[in-house]
Asker: 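One structure, pasted below without further comment.
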Amino acid sequence: MGIVYTFDDASDEIISPKNVISEIDNFPELIISVFSQKFNDLLLNTVEVNKIDEMTGGRKIPIYKFVYDGKEIGFYHTLLGGSASGALLEEVIAKGGKKILFFGSCGSLDKEITAGHLIIPVEAYRDEGTSYHYAPASDYIKICSAEKLSQIFSLLKVPYIKTKTWTTDSFYRETQKNAEARKNDGCKVVEMECASIMAVGQFRGIDVYQFLYAADCLDESVWDKRILGNMPNTMREKLLKIALETAIRL
């Protein structure tokens with residue numbers, strides 16, 4: 001039996017999140033999570049937050065709570081990669097999170113279609129390890145929350161596309177051959193967390209949402225860095241506003 005056939009729903013977990021994480025009274029059910037330190041800092045400077053808890057992922061990771069347009073929202077800066085972000089998601093769910101919205105950057109595999117649009121993944125290619133512990137083996141995991149997110153974007157008049165995404169856990173091994181294979185299979189973007197966090201959320205029966213913005217481009221003979229690590233402040237502010245307006249409609 002191959003290594004991807006590790007999903008086991010026939011025996012109990014040795015360490016359950018509830019063994020090490022206590023549910024918190026009045027923990028916000030609605031959560032926003034970002035992958036970028038700059039988005040983290042922007043939000044902390046935009047709204048008035050209260051620190052309500054913290055997690056440890058090699059460093060202390062605060063969880064905040066704030067009110068936006070009359071709704072209580074939790075917020076934390078997650079870690080990069082499916083294994084790390086999936087583990088922190090487990091902890092947030094155990095604390096009381098019910099609806100979690102992630103947003104972050106991705107690499108474009110199609111330089112034309114993603115220009116000027118946000119991206120809503122509808123299926124994620126499982127080129128990572130975490131998802132195989134939460135769902136039976138398959139090439140893709142379907143993202144059940146994509147339709148609701150697209151309805152909200154349409155309501156907000158946010159330009160977007162829906163597409164398959166390639167979730168990899170090896171940023172420095174996105175080879176040209178593999179990129180071409182994923183493009184031919186219908187993936188227009190590549191990132192490092194979607195398949196993992198969706199598998200965790202669906203296994204736990206929690207609504208997990210994610211939208212992406214294309215930062216760099218892999219659809220050339222030479223990698224185009226574009227705005228990766230150097231996004232204009234006005235764009236960052238606009239994306240945060242979209243995330244906030246989206247969250248309160250989930």
Side-chain angles (χ1 to χ4, degrees), residues 6 13-45 47 49-66 73-107 121 124 126-135 141 165 167-173 190-213 215 228-229 236 240 243 247:
T6 54
E13 299 159 341
I14 297 172
I15 305 173
S16 168
K18 293 184 178 180
N19 294 148
V20 294
I21 304 296
S22 298
E23 189 168 357
I24 297 175
D25 291 339
N26 301 315
F27 192 82
E29 294 189 354
L30 176 61
I31 309 287
I32 292 176
S33 182
V34 299
F35 298 93
S36 162
Q37 181 68 48
K38 291 181 179 179
F39 272 111
N40 176 84
D41 296 345
L42 176 61
L43 187 138
L44 297 184
N45 290 324
V47 297
V49 302
N50 293 311
K51 180 180 173 182
I52 58 173
D53 199 14
E54 65 183 23
M55 300 179 285
T56 301
R59 62 174 172 82
K60 291 183 178 179
I61 300 169
I63 304 176
Y64 301 99
K65 182 165 64 175
F66 63 94
I73 303 175
F75 171 74
Y76 71 102
H77 178 195
T78 193
L79 300 175
L80 295 178
S83 177
S85 58
L88 292 179
L89 175 58
E90 283 272 34
E91 296 194 15
V92 168
I93 293 170
K95 292 174 187 292
K98 304 294 184 188
K99 296 180 180 180
I100 297 91
L101 173 66
F102 291 86
F103 73 98
S105 67
C106 64
R126 301 166 66 182
D127 193 10
E128 38 72 72
T130 299
S131 68
Y132 294 95
H133 297 274
Y134 289 87
I141 187 164
T165 181
T167 303
T168 177
D169 60 5
S170 187
F171 180 85
Y172 291 110
R173 288 295 296 159
V190 56
E191 39 63 48
M192 297 185 66
E193 296 86 16
C194 188
S196 302
I197 59 176
M198 292 301 165
V200 171
Q202 291 176 21
F203 181 77
R204 297 297 182 193
I206 296 298
D207 295 327
V208 175
Y209 303 84
Q210 185 176 28
F211 72 85
L212 305 163
Y213 58 90
L228 184 64
R236 188 173 291 111
L240 179 60

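These numbers come from the heavy atoms of this one structure, side chains and all, not from hydrogens, waters or symmetry mates. If you're wondering where the values come from, they're calculated on a predicted model, not measured in any experiment.
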Asker: State the CG-OG1 distance between Asn40 and Thr78, to the nearest 0.5 angstrom.
Answerer: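 Answer for the CG-OG1 pair, Asn40 versus Thr78, is 11.0 Å.
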
Asker: Please identify each residue that fulfils side-chain contact (heavy atoms from CB on, under 4.5 Å) with Ile21, with sequence neighbours left out.
Answerer: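 By the side-chain contact (heavy atoms from CB on, under 4.5 Å) rule, Ile21 matches Glu91, Ala94, Lys95.
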
Asker: Passes side-chain contact (heavy atoms from CB on, under 4.5 Å), Ile52 versus Tyr64? Steps please.
Answerer: CA-CA 6 Å; Ile52 58 173; Tyr64 301 99; 6.0 Å; no

Asker: Between Glu13 and Arg204, is the salt bridge (charged side-chain N to carboxylate O under 4.0 Å, His left out) condition met? List the steps.
Answerer: CA-CA 13 Å; Glu13 299 159 341; Arg204 297 297 182 193; 2.6 Å; yes

Asker: Do Glu90 and Tyr134 get their side chains close enough for a donor-acceptor pair, meaning under 3.5 Å?
Answerer: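 There is such a pair between these side chains.
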
Asker: Using the test ring-ring contact (aromatic ring centres under 6.0 Å, His included), find all partners of Phe27 that sit at least two apart in sequence or belong to another chain.
Answerer: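 With neighbours one apart ignored, the set is empty.
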
Asker: Could you tell me whether Arg126 and Glu193 make a salt bridge, using a distance below 4.0 angstrom between a side-chain N and a carboxylate O?
Answerer: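 Salt bridge absent between Arg126 and Glu193.
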
Asker: Just how far is it from atom CD of Glu23 to atom CD1 of Ile93, taken to the nearest 0.5 Å?
Answerer: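 That separation rounds to 12.0 Å.
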
Asker: Of all heavy-atom pairs between Gly129 and His133, which one has the smallest distance, and what is that distance?
Answerer: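 Smallest heavy-atom distance, with atoms named: O-CD2, 3.4 Å.
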
Asker: Spell out, as yes or no, whether a donor-acceptor pair under 3.5 Å connects the side chain of Thr6 to the backbone of Tyr132.
Answerer: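 Indeed, once roles are kept as given, a pair shorter than 3.5 Å links the two residues.
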
Asker: Let me confirm one number: the CG-CD1 distance from Leu30 to Ile100, rounded to the nearest 0.5 Å.
Answerer: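 CD1 of Ile100 is found 8.5 Å from CG of Leu30.
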
Asker: How close do Ala84 and Leu79 get, counting heavy atoms only, and between which atoms?
Answerer: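 Between these two residues, the closest heavy atoms are CB-CB, 3.7 Å.
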
Asker: Would you say the ring centroid of Phe103 lies under 6.0 angstrom from that of Phe39?
Answerer: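 Ring-ring flag for Phe103/Phe39: true, centres closer than 6.0 Å.
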
Asker: Quick check for you: to the nearest 0.5 Å, what is the distance between Phe66 atom CZ and Ile73 atom CD1?
Answerer: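 Here the rounded value is 4.0 Å.
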
Asker: Please walk me through it: do His77 and Gln37 pass side-chain contact (heavy atoms from CB on, under 4.5 Å)?
Answerer: CA-CA 7 Å; His77 178 195; Gln37 181 68 48; 3.3 Å; yes

Asker: Given side chains that start at C-beta, do those of Phe102 and Leu89 come closer than 4.5 Å, heavy atoms only?
Answerer: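 Phe102 reaches Leu89 side chain to side chain.
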
Asker: Quick check on Arg173: does its CZ atom have over 12 non-hydrogen neighbours (other residues, nucleotides or ligands) under 6.0 Å away?
Answerer: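 It does not: Arg173 CZ has 12 such atoms or fewer within range.
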
Asker: For Gly104 and Phe35, which heavy atoms make the closest approach, and how far apart are they?
Answerer: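 That would be CA-CD1, 4.0 Å.
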
Asker: Do Ile31 and Leu101 come close enough that some side-chain heavy atom pair is under 4.5 Å?
Answerer: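 Counting from C-beta outward, Ile31 and Leu101 never come under 4.5 Å.
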
Asker: So do Leu212 and Pro121 actually touch side chain to side chain, heavy atoms under 4.5 Å?
Answerer: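 SC-SC contact between Pro121 and Leu212 confirmed.
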
Asker: Using a strict threshold of under 4.0 Å (side-chain N to carboxylate O), is an ion pair present between Glu29 and Lys99?
Answerer: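 Salt bridge between Lys99 and Glu29, a charged N being under 4.0 Å from a carboxylate O: no.
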
Asker: Looking at CE of Met192 and CG of Asp127, how far apart are the two atoms once the value is rounded to the nearest 0.5 Å?
Answerer: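 Going from CE on Met192 over to CG on Asp127, the span is 10.0 Å.
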
Asker: What distance do Cys106 atom SG and Tyr213 atom OH have between them, rounded to the nearest 0.5 Å?
Answerer: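 If we round to the nearest 0.5 Å, Cys106:SG and Tyr213:OH are 9.0 Å apart.
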
Asker: Does the pair Ile61 and Leu88 meet the rule for a side-chain contact (heavy atoms from CB on, under 4.5 Å), with working shown?
Answerer: CA-CA 9 Å; Ile61 300 169; Leu88 292 179; 3.5 Å; yes

Asker: Establish, from distance only, whether the side-chain atoms of Thr167 and Glu191 form a donor-acceptor pair under 3.5 Å.
Answerer: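 Yes, a side-chain donor-acceptor pair sits under 3.5 Å.
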
Asker: Does the Asn19 side chain pair with the main chain of Ser16, one donor and one acceptor, at a distance under 3.5 Å?
Answerer: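 Indeed, once roles are kept as given, a pair shorter than 3.5 Å links the two residues.
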
Asker: Can you check whether Met55 reaches Ile63 side chain to side chain, under 4.5 Å on heavy atoms?
Answerer: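 Side-chain contact under 4.5 Å: yes.
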
Asker: Does any part of the side chain of Leu43, heavy atoms only, come nearer than 4.5 Å to the side chain of Val34, both counted from C-beta?
Answerer: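 A side-chain contact is absent here, since even the closest heavy-atom pair is not under 4.5 Å.
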
Asker: So, do Val49 and Leu44 sit near enough that their side-chain heavy atoms are less than 4.5 Å apart?
Answerer: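 Yes, close enough: below the 4.5 Å cut-off.
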
Asker: Compare every heavy atom of Thr130 with every heavy atom of Ser196, then report the nearest pair and how far apart it is.
Answerer: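 Scanning both residues, the minimum pair turns out to be OG-CB, 3.6 Å.
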
Asker: Is the side chain of Thr168 donor-acceptor paired with the backbone N or O of Ser170 at a distance under 3.5 Å, no angle test?
Answerer: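 Checked: pair present.
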
Asker: Would you please test Ile197 and Gln210 for side-chain contact (heavy atoms from CB on, under 4.5 Å) and show each step?
Answerer: CA-CA 9 Å; Ile197 59 176; Gln210 185 176 28; 3.8 Å; yes

Asker: Could you pull out the closest heavy-atom pair between Ala243 and Ile32, with the gap in Å?
Answerer: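 For Ala243 versus Ile32, the nearest heavy atoms are O-CD1, 4.1 Å.
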
